[in-house]
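Residue numbers begin at 1 in each chain, while the letters A, B, ... track the order of the sequences.
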Amino acid sequence: MNSADQRPPDESTAIPDKIRVCGGSFLGQMARDVVFFSLFYAYLWRIVGLHLLFHGAGQITHFPSFYTTWEFFVQHVSVPGGPAGYLAAFLSQLFHTSWLGALVVTIQAWMLGVCITHMLRTATQRSGWAIRYVPALLLLVVYGRYLYFFPTTVSLSLALALGCVHERISRGRSQAWALASFLTLSLICYHTAAGAVLLFGLICSIYELSQNDRRRLSLICAPITLALPYLLGVWAFGAETVHAYFDLLPVAPELLHSPTRRQGVEIVYALFLLGPTAILAGMLITVARAQLSRLLQRRRSSRPSSPPGRLRRLCDALGSRILSARICLWLAQTIALVAIAAMVAHRTLDTRKRALFGIDYCACHRMWPAILTEGRKYFDDPLVMHAVNRALYHTGQLGNEMFQWPQHSGSLFLTNAKAKRSLWANADVYLELGLINAAEFALTESMEGLGERPMILQRLALINMVKGNLGTARVYLGALDRTLSHHAWASKYLEFLEQDAELTTIAEVQHLRSIALDHDFLSVIPATPQMLQRLLERNPRNRMAFEYLMASHLLNGRLTTFTKRVPQFKEMGYPALPTHFEEAVLTYVYGTRKPLYLGGYEPRADLREQIEDFLGILTRHRGNRQAALAELASKYRKTYIFYYVYTQSDKAKQRMRRQSAQ
Amino acid sequence: MTIVTNKRTRAIWIGGVLVIGVIGLAGILFVFSARPRPAGPCLAIDRLPAIRPDYRGVTLPPNVAPLNFVVEEEAVACFVRIHADHGKAIEVFPRDGKVTIPAHPWRRLLDANRGGAIRIDVFTKADTSEVTTGPTSSWQQFKTIENTVAAEEIDDYLVYRRIRPSQVTWRTMGIYQRNLTGFREQVVLDNERFGDGCVNCHAFCNHRTDKMLLGIRSTTYGTPEILIEEDRARQIKTKFGYTSWHPSGQLAAFSVNKVRQTFHAAGREIRDVFDFDSFIACYHVKANEVETAAPLSAKDRLETYPAWAPDGEYLYFCSAPLTWKSQETLPEHHDRIRYDLMRVRYDLAGNTWGEVETVLAAKETGRSALLPRISPDGRWLVLTMCDYGCFPVFRESSDLYLVDLEAAKRTGRYECRRLEINSDASESWHSFSSNGRWLAFSSKRLSHVFTRTFFAYIGADGRVHKPFVLPQKNPLHYDSFLWTFSVPELVKEPVQVNRRTLAQAIRNPGAEPVRMPITMATPKADSGHPDAEPLRE
């Protein structure tokens, strides 16, 4: 057989008519792609919001950092899998802007589909048009659940793309040529995408199996692929065997060893197995069809031909009409596809996670009204309540509104949430209060847990500017200056430092210096009420420290300490005593029978009536709090006295019961 | 071979050659046009040029990597000439002020000038608009930087721990080695190899890597110590703290510390560390046995930081009185915890200990004496002293001090001298080179958070020369480097054992248990394996 015979016929003639009808023309395919991927893109951009993944909310611990330096580049490209890691790190930075991130993922989803269908068509002569959209559907699930597997999917894309390159290079060529192509591309694949070379090898093996004259090659591909990670990874680069084989695969130790990172990894397994499975299935179907048609042909030839039956004639006529109406078919297929995608997106979108990520994002960017709106739906999460309290303070509502929300003693400074998440969330509160060292502590620990994220570096730079550690600030700014997302901010501050080392013109730095705690003492935990008191001693005008201290007293039932500080409201310039604070004073007064003193503010009659009614209801139920719960909750759930009675210490409860029984 | 040519291929060939020629010519022109140099007399500036890192007036080892630096002067062009009495001068035409010195000429120049000096002339051009070719160009010349080249080499390798400045959590860290004659940094062992544990406290015997100890803390593999002998590594199933090899290589003294980390509410340093309990034990290599001795594990004292004298006759260590009872809460007067420098005689043949002697009493110095290290010739003892506590790297007041042991032998009195090389930031984790002429130490002088490694030359008279920071290929390396260098140890050769062997030793479940006397002490520090800890009586 000469080479011309080996070469498959031209694509237009190779694909049978039936395929073209089912798959549609090239234009039809393009049009469907445009429709589907436009919607896919819009969904990722507007509904999912990939900027939330970039933000990470203290939950994504393996989001890569990226620096625009030569060293960073060399460091990556010099190790197996490094180029894919570098590419993934670079592209991940584009997630900072939601529309750009969505574009990256859309292109990736399209590319995965194109590669898989290309391999399928060349290996089995089948179009499998629907397969083209399966990677996109799986990615919808991944991003809808706010999971980050981007480096793994980049390695998958590279392996599939190189598989297609191998097909193009070796198409119609001899076995030796194909082997040379496979070897070269395997080396490239291993260096660029590490463990994904296993997938590349598998796909090439299956593909070679479909080539009548090169089937032996498929047997050679497998051992080469298996040997390559050992030879290059373990032997040449000194990597651990498990890393040499599995890095950048969904079974990589860095994913599997971490419970948070391996969440949803099964979707990525499906993504990896999709290509080989589809091609294998396509080949099996082709073989089965060929056998069936041979059998039918034999049967037909053994029987005298008879005119087709009535039903058959009817079906053919009907079918040909429908099939001839390609636009209808195209429309039906496209609508079905979009409907399936919409259903997948709807069923898999994790709205709770979206809200939690969103609230953390808003807290980080000081978007207070958005927190209060979104927080209403998820107030059971301590991180949400922590952000809500901060938003309430910044909108001037803490003293009036905080018990409109379910509170608990740890809401102001997270102590119960998972360590790394709470450290990240606490950092900004510490900073705003003036607990500069506590903020630095929380951020350095967060950097270790979450990586060199620009938001963390930015805050650490600011803290060190406030502390006058200009050398350290320059290091953080230097690192930020080499990022894509925060380069401008860092350059600006580096310039400020050059012009004025004291940063006298930077209002934020000057403000933080004016409130920063200056009295040192040792503590095992970074923030305590004692520190809030010290902050007020340092700067009696530190309104946030004052409100947080007062709120902390309320949440922990320290009413005696609270009432001693009531006169300070006047000194701080409050036009009226905030509602919950006045409720607390009344609770104290009714509990201890001490005279009412509101530090110069007029008492509100409605609040007095409210507490009297509250105590009256409790008395009607003979002081039985459980019996009175339903009635009290319906009327006074959002008052401080309700919180106090139902959540405070036994001692306080007993005191209150005694008082109400009288 | 017949080459068939036609007009078309010839044209392609000629065209190709022409294109390559033009590109080459353009490249040559570009390179040379970008090399401005002063043509005539320059305006003399009567001060040293500002350069970063500060490599002005330092003493260099003759085998050190090029000291690349950045010229921090306002200029549109710069020219640097490095020259000496012997050897060919090096000319550098830095772009953006970055002076990258070629390695081979630099090495040759240093080698030819051992015991002499090398000089760096920095020329800058003020403004392009004033470019002239006449006798008074816009070039200016700063005062010459004169650096001394020592006759004695520094050890070729530096082994250190690279970690981020966090306190409680860690993600990636490792022990690295750096070839000081070049810029190559290699991982000795990183925690990725054994599931993100902690790797720490590397200790070498006699500045060689064929006998080495490495501490591991891992939730999966416990807190073993890894002993490296030649090219083999094995696990010692007990937790070592600060470790020092006896020069014979037969035993290593190590501290066992119950560490408590705390947090400073204000001030520059946010972290602090206290030992709630500690003592010193010895590991005998051949017997695979741990033992302690009364002088090193007094119930009412906190012993730590063991350091053998090079003759192996004395073990120096630090010790503070245990003045508070609670093992859980911070002592009220934590700022009064100060360590004395002590020593105890040891007889290797009989494995016997003498009486404890006080070398420097905190009562007299008013400071906490920590991290003693003795020079290989036994003449000098360098230690850090800080206002209080046991962890100098977290104390801004921590400085390096020198004790002349020979003078003390003569006079019977130990006197310490604060070294001139100290800064207003913390200096700590020092180590001598094998010839005793170089001191590597960690300093926070460049920034108050990130420790960097510095080197200083110690003269025969004990004078310590101006230190310089570990040179990097990119002179701006430290500007954005978010890691700290900790425990820099100078060694003569690279670590022989590869990462895989070390990781296998860590993962080895069948390691032989260490024999430990039941009379040993203390509730364990932060071990995941309490049964592997020595216990105090």
Region of A:Arg482 in contact with chain B, defined by heavy-atom distances below 4.5 Å: side chain
Tell me, side chain or backbone of B:His334 under 4.5 Å from chain A's heavy atoms, or both, or neither? side chain
Choice from A:Leu480, A:Thr444, A:Leu477 maximising heavy atom contacts with chain B below 4.5 Å: A:Thr444
Measure across A:Glu452 and B:Trp483 and return the closest heavy-atom pair with its distance rounded to 0.1 Å. OE2-NE1, 4.1 Å
Contact origin within B:Asp272 toward chain A - heavy atom pairs under 4.5 Å: side chain
With a sphere of 6.0 Å drawn around CZ of B:Arg336, does it hold more than 12 non-hydrogen atoms of other residues, nucleotides or ligands? no
Side-chain contact, heavy-atom cut-off 4.5 Å: A:Lys467 with B:Ile270? yes
So, A:Glu71 and B:Lys473, do they make that salt bridge, N to O below 4.0 Å? no
Heavy-atom pair with the smallest gap, counting every atom of B:Ser480 and A:Gly478: CB-C, 3.5 Å
Option that, when pairs with chain A are counted at under 4.5 Å, heavy atom only, ranks first among B:Thr262, B:Asn498, B:Asp335, B:Leu446: B:Thr262
On a heavy-atom basis, the closest approach of B:Phe263 and A:Met531 is CE2-CE, 3.9 Å
A:Asp481 versus chain B, the contacting section by heavy-atom distance below 4.5 Å: neither
Take a 6.0 Å sphere around CD of B:Glu74 and say whether it holds more than 12 heavy atoms from other residues, nucleotides or ligands. no
So, for B:Arg268 and A:Gly468, which heavy atoms are closest and what is the spacing to 0.1 Å? NH2-O, 3.6 Å
Tell me which of these, A:Leu517, A:Val475, A:Asn469, has more heavy-atom pairs under 4.5 Å with chain B than the rest. A:Val475
Sort B:Glu269 into side chain, backbone, both or neither according to what part of it lies under 4.5 angstrom from a heavy atom of chain A. backbone
Pick whichever of A:Glu440, A:Glu254, A:Arg474 has the most heavy-atom pairs under 4.5 Å with chain B. A:Glu440
Is it the case that B:His264 and A:Asp520 place a side-chain donor and acceptor less than 3.5 Å from each other? yes
Is the backbone of B:Gly267 close enough, under 3.5 Å, to the side chain of A:Asn437 for a donor and an acceptor to pair up by distance? yes
Name the option with the most non-hydrogen atom pairs under 4.5 Å to chain A; the candidates are B:His448, B:His477, B:Arg164, B:Met173. B:Arg164
Is the shortest heavy-atom distance from the side chain of B:Leu482 to the side chain of A:Leu457 under 4.5 Å? yes
Can you tell me if A:Thr472 uses its side chain to pair, donor with acceptor, with the backbone of B:Ser447 under 3.5 Å? no
Correct closest heavy-atom pair for B:Phe274 and A:Leu522 would be CE1-CD1, 3.4 Å
Report yes or no: does B:Arg500 contribute a side-chain atom to a donor-acceptor pair with the main-chain N or O of A:Val234 at less than 3.5 Å? yes
To the closest 0.5 Å, what do you measure between NE2 (A:His243) and CD (B:Glu192)? 6.0 Å
